[in-house]
Amino acid sequence: MAYVIKDECIACGACIEECPVEAIVAGDDQYSIDADKCIDCGACAGACPVDAPVEG
């Protein structure tokens, strides 16, 4: 199951650099995760300072 990013996202960019498959897309005020690319590794969750990425 792919990860999703909750509303707590502060668009800091920490998760983008950690994603090994480039599944995270920058939005205007929040990021999102492409479920088709996400490999459910959890690297984004470990890098996030506000615990925004969670298993969907």
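Of all the heavy atoms in A52 and E8, the pair that sits closest is CB-C, 4.2 Å. Across every non-hydrogen atom of C38 and I33, the tightest pair is CB-CG2, 3.8 Å. Residues E18 and A43 approach most closely at O-CB, 3.6 Å, considering heavy atoms.
By the side-chain contact (heavy atoms from CB on, under 4.5 Å) test, C15 is found to be paired with I24, Y31, C44, residues two or more places apart in sequence or in another chain being considered. Annotation: side-chain contact (heavy atoms from CB on, under 4.5 Å) contacts of V4 (sequence neighbours excluded): V54. In this view, D40 and Y3, E55 satisfy the side-chain contact (heavy atoms from CB on, under 4.5 Å) rule, not counting sequence neighbours.
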Item to complete: For V21 and C19, run side chain to side chain contact (heavy atoms under 4.5 Å, CB included): C-alpha distance rounded to whole Å, both residues' side-chain angles, the deciding distance at 0.1 Å, then the answer.
Response: CA-CA 6 Å; V21 294; C19 182; 3.8 Å; yes
